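Some notes on the structure that comes next.
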Amino acid sequence: MTTVSLALVRELAVMVKAPRMLYLHWPFGHALGEPNNRDQQYTVLHDAFSMARCAPRPGLIVDLPYPWKRHIYTPISDWTEESQAFLQGLAQALQEEKTQV
């Protein structure tokens, strides 16, 4: 079963070595987003589903660039199409992995 975790502390995410992890630089207790901000929360869920679908292998940590506040999130119109933010984060994670080898 494919699993995806959400991390709020990147250093801990590296130490835990979860199979697939999305990192968000957000306050503790708010891994899915601000209270009552449905579009923000759906965006994170959408990216988690994308990670489960697209991660080429276990062990990746993808940094999501979303700011905590003052950002407008577009409602998800197609849950099967990956967001640009996720695709950019995945490409960056794979590139960083190549340079570490």
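The figures here come from the full heavy-atom set of this structure, side chains too, leaving out hydrogens, waters and symmetry mates. Not measured: the values here are computed from a predicted model.
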*Student check: side-chain heavy atoms of Pro56 and Leu90 closer than 4.5 Å*: yes

*CZ-CE distance between Phe86 and Met51, expressed to the nearest 0.5 angstrom*: 5.5 Å

_Ignoring hydrogens, what is the shortest heavy-atom contact between Ser83 and Tyr66? Give both atom names and the distance._
OG-OH, 3.5 Å

*Decide yes or no for Pro75 and Arg38: does some side-chain heavy atom of the first lie under 4.5 Å from some side-chain heavy atom of the second?*
no

*Nearest heavy-atom pair of Ile61 and Tyr23: which atoms, and what distance?*
CG2-CB, 4.2 Å

*Tyr73 vs His71 aromatic rings, parallel, tilted or perpendicular, using cut-offs 30° and 60°?*
perpendicular

*If only atom types and distance count, is the side chain of His46 paired as donor or acceptor with the main-chain N or O of Glu81 below 3.5 Å?*
yes

*Over all atoms of both residues, closest heavy-atom pair of Pro27 and Trp68*: CD-CD2, 3.5 Å

_If you count every heavy atom of other residues, nucleotides or ligands that lies below 6.0 Å from Asn36 atom CG, does the total exceed 12?_
no

*asked:* Return the OH to CH2 distance between Tyr42 and Trp79, rounded to the nearest 0.5 Å.
replied: 7.0 Å

*asked:* Donor-acceptor check, side chain of Gln41 to backbone of Glu34, threshold 3.5 angstrom: yes or no?
replied: yes

*Side-chain contact, heavy-atom cut-off 4.5 Å: Ser5 with Arg20?*
no

*Would you please say whether a donor-acceptor pair under 3.5 Å links the side chains of Gln92 and Gln88?*
no

*asked:* With side chain to side chain contact (heavy atoms under 4.5 Å, CB included) as the criterion, how do Asp39 and Ile72 come out once you've worked through the C-alpha distance, each side chain's angles and the decisive distance to 0.1 Å?
replied: CA-CA 8 Å; Asp39 289 336; Ile72 300 199; over 6 Å; no

*Do you know the tightest heavy-atom contact between Gln40 and Pro67?*
NE2-O, 4.0 Å

*To the nearest 0.5 Å, what is the distance between CH2 (Trp26) and CG (Leu8)?*
9.0 Å

*asked:* How close do Val44 and Leu22 get, counting heavy atoms only, and between which atoms?
replied: O-CD1, 4.5 Å

_Gap separating the CG atom of Leu60 from the CD atom of Glu96, nearest 0.5 angstrom_ = 10.5 Å

*asked:* Could you report the tightest heavy-atom contact between Ala93 and Val62, atom names first, then the distance?
replied: CB-CG2, 4.2 Å

